[in-house]
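One is the number of the first residue; the rest follow in order along the sequence.
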Amino acid sequence: MIEARHLRVLRAVAATGSFSAAGRELGCTQPAVSQQMKALEASVGTPLVVRSGREMRLTQAGEALVRHAAGILAGLTAAEEEVAAIAGLRAGRVRLVSFPSGSSTLVPTALAALRAAHPGTRVSLEEAEPPQSVRLLREGDCDLALAFRYEGAALEGEWDDLVVRPLLTDRLVALVPERHRLARAGSVAIRELAEESWIAGCPRCRGQLVEVCESAGFTPRIDFATDDYPAVVGLVGAGLGVAVLPQLAIESVRPRGARTVTLEPAVRREIVALTLPDLARVPAVAATLEQLAVAAGRK
């Protein structure tokens with residue numbers, strides 16, 4: 001294996017014409033230069049310099065290696081500078097995947113703060129619900145995933161291989177048309193909505209809705225299903241049914257024609273940021289995690 005320090009010595013020898021002059025240029029002794037040249041020749045398996053009396057010249061292999069050394073060392077220098085910039089948060093990128101209500105609430109605040117503190121760090125954003133977002137993280141298609149799971153519905157060991165940064169607990173609320181009989185109730189038990197038409201959200205949220213309703217003794221009649229929260233609010237506002245949405249989703253949508261009512265018993269989901277253990281040590285990823293925690297009120 002050719003080492004960069006040996007290439008630097010070879011270039012100095014070629015430029016100065018002797019080991020002693022190369023040593024003076026590099027700030028080391030003539031025996032040290034000789035030792036490193038021998039190590040380089042052993043690495044490439046052929047002589048690189050020949051001596052004739054007091055003169056020294058490069059072999060054909062030595063000349064070829066010197067020609068390439070400039071580009072190799074320049075590339076290494078550029079790489080060192082880029083890595084130093086990334087480590088110092090003067091550069092770098094983070095690929096973030098988030099579910100929609102997180103994208104519209106936590107993410108903008110966090111990324112604005114990150115850009116203000118580290119303008120050289122770039123963050124890309126794509127949307128995906130868990131478990132797809134978690135799969136993208138494990139497959140290397142993103143660096144950080146904003147995800148959620150419902151209390152009592154977590155699978156054992158589901159995220160054991162990941163770094164889990166808790167952000168907030170998001171309570172679900174009932175959403176009813178503003179002229180609904182329960183629109184002005186302080187709270188509502190989900191069984192009071194057993195005979196209603198339902199508008200359901202994403203597949204994971206839909207599954208949670210069915211589970212909660214069945215635990216209350218009924219199966220919801222789902223007339224509409226959409227991953228789009230504004231569409232859910234619009235359908236409820238038009239009087240086409242009721243829904244249960246996370247509070248975080250309500251914060252990102254103006255619920256015209258609909259009212260939120262506290263749901264009892266409480267149903268909550270845990271909002272977290274996920275990354276891989278090795279990625280958690282990358283400065284740009286760590287900084288993004290911190291800003292997400294700040295945006296969620298955890299810092």
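- Using a 4.5 Å heavy-atom threshold, the side chains of C205 and Y150 count as touching.
- Distance check: E211 CD to Q208 CD gives 5.0 Å after rounding to the nearest 0.5 Å.
- At least one side-chain heavy atom of I271 sits less than 4.5 Å from a side-chain heavy atom of L106.
- Using modelled atom types, one side-chain atom of R206 and one backbone atom of G201 make a donor-acceptor pair closer than 3.5 Å.
- Between L263 and L172, the closest heavy-atom pair is CB-O, 3.8 Å.
- Atom-to-atom distance recorded for R221:CZ and L193:CG is 12.0 Å, nearest 0.5 angstrom.
- Here the closest heavy-atom approach between residue P130 and residue F99 is recorded as CD-CB, 4.4 Å.
- Remark: R184 CZ is loosely packed, at most 12 non-hydrogen atoms of other residues, nucleotides or ligands lying under 6.0 Å away.
- Two residues are said to be in side-chain contact when any heavy atoms from C-beta on lie closer than 4.5 Å; L137 and V97 fail this criterion.
- Heavy-atom minimum distance, S98 versus V107: OG-CG2, 3.9 Å.
- The CG atom of L276 sits 8.5 Å away from the CG atom of D143 when rounded to the nearest 0.5 Å.
- The hydrophobic cluster containing V285 also contains L292, counting ILVMFWY residues as joined when their side-chain heavy atoms lie under 4.5 angstrom apart, directly or transitively.
- Sorted by first and then second residue, the pairs that involve residues 121-138 and meet side-chain hydrogen bond (donor to acceptor under 3.5 Å, both in side chains), not counting sequence neighbours, are S103-E127, R138-D161.
- Other residues sharing a hydrophobic cluster with V163 under the 4.5 Å side-chain heavy-atom criterion for ILVMFWY residues do not exist; the residue is a singleton.
- Shown here for L209 and P220, the closest heavy-atom pair between the two residues is CG-CG, 4.5 Å.
- You'll find the side chain of V232 stays beyond 4.5 Å of the side chain of V253, heavy atoms only.
- At a threshold of 4.5 Å between side-chain heavy atoms, the hydrophobic network of Ile, Leu, Val, Met, Phe, Trp and Tyr places I2 and V66 in one connected group.
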N/O donor to acceptor pairs below 3.5 angstrom from side-chain atoms of residues 33-42, sequence neighbours left out:
| residue | atom | partner | partner atom | Å |
| --- | --- | --- | --- | --- |
| E41 | OE2 | L48 | N | 2.9 |
| E41 | OE2 | V49 | N | 3.4 |

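- Taking hydrophobic clusters as Ile, Leu, Val, Met, Phe, Trp and Tyr residues chained together by side-chain heavy-atom distances below 4.5 Å, I250 does not share a cluster with V242.
- When the side chains of ILVMFWY residues are joined at heavy-atom separations under 4.5 Å, either directly or via intervening members, L146 and V94 end up in a single hydrophobic cluster.
- Atom NE2 of H180 sits about 10.5 Å away from atom CG of L175, to the nearest 0.5 Å.
- Taken from CG in L274 to CD in E158, the straight-line distance is 9.0 Å, to the nearest 0.5 Å.
- Between E3 and S43, every side-chain heavy-atom pair lies at or beyond the 4.5 Å cut-off.
- To the nearest 0.5 Å, atom CG of residue D223 and atom CG of residue L240 are 9.0 Å apart.
- Between L167 and V272 the shortest heavy-atom distance is CD1-C, 4.0 Å.
- For E82, the CD atom sits in a loose shell: 12 or fewer heavy atoms of surrounding residues, nucleotides or ligands are nearer than 6.0 Å.
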Would L162 and V134 count as a side chain to side chain contact (heavy atoms under 4.5 Å, CB included) if you check the C-alpha gap in whole Å, the side-chain angles of each, and the deciding distance to 0.1 Å?
CA-CA 9 Å; L162 304 175; V134 182; 3.9 Å; yes

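- A salt bridge does not link R259 to E178: none of the charged side-chain nitrogens sits closer than 4.0 Å to a carboxylate oxygen.
- Connection of V188 to V267 is established within a shared hydrophobic cluster, with ILVMFWY side chains joined at heavy-atom distances below 4.5 Å, either directly or through further cluster members.
- Residue V50 belongs to no hydrophobic cluster, having no ILVMFWY side-chain heavy atom closer than 4.5 Å to its own.
- With sequence neighbours left out, the ring-ring contact (aromatic ring centres under 6.0 Å, His included) criterion links Y229 to no other residue.
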Decide salt bridge (Lys or Arg N to Asp or Glu O under 4.0 Å) for E196 and R181; before the verdict, give the C-alpha distance in whole Å, the side-chain angles of both, and the deciding distance to 0.1 Å.
CA-CA 11 Å; E196 303 286 342; R181 57 189 173 83; 3.3 Å; yes

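- Checking side-chain atoms of R165 against main-chain N and O of E290 turns up no donor-acceptor pair under 3.5 Å.
- Between the side chain of T16 and the backbone N or O of A22, at least one donor-acceptor pair lies under 3.5 Å.
- When all heavy atoms of V236 and P177 are compared, the closest pair comes out as O-CG, 3.3 Å.
- With sequence neighbours left out, R269 forms a salt bridge (charged side-chain N to carboxylate O under 4.0 Å, His left out) with D170.
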List the steps and the verdict of side chain to side chain contact (heavy atoms under 4.5 Å, CB included) for S101 and F148.
CA-CA 11 Å; S101 58; F148 63 85; over 6 Å; no

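- Of the possible donor and acceptor atoms, one in the side chain of R95 sits under 3.5 Å from a partner among the backbone N and O of G140.
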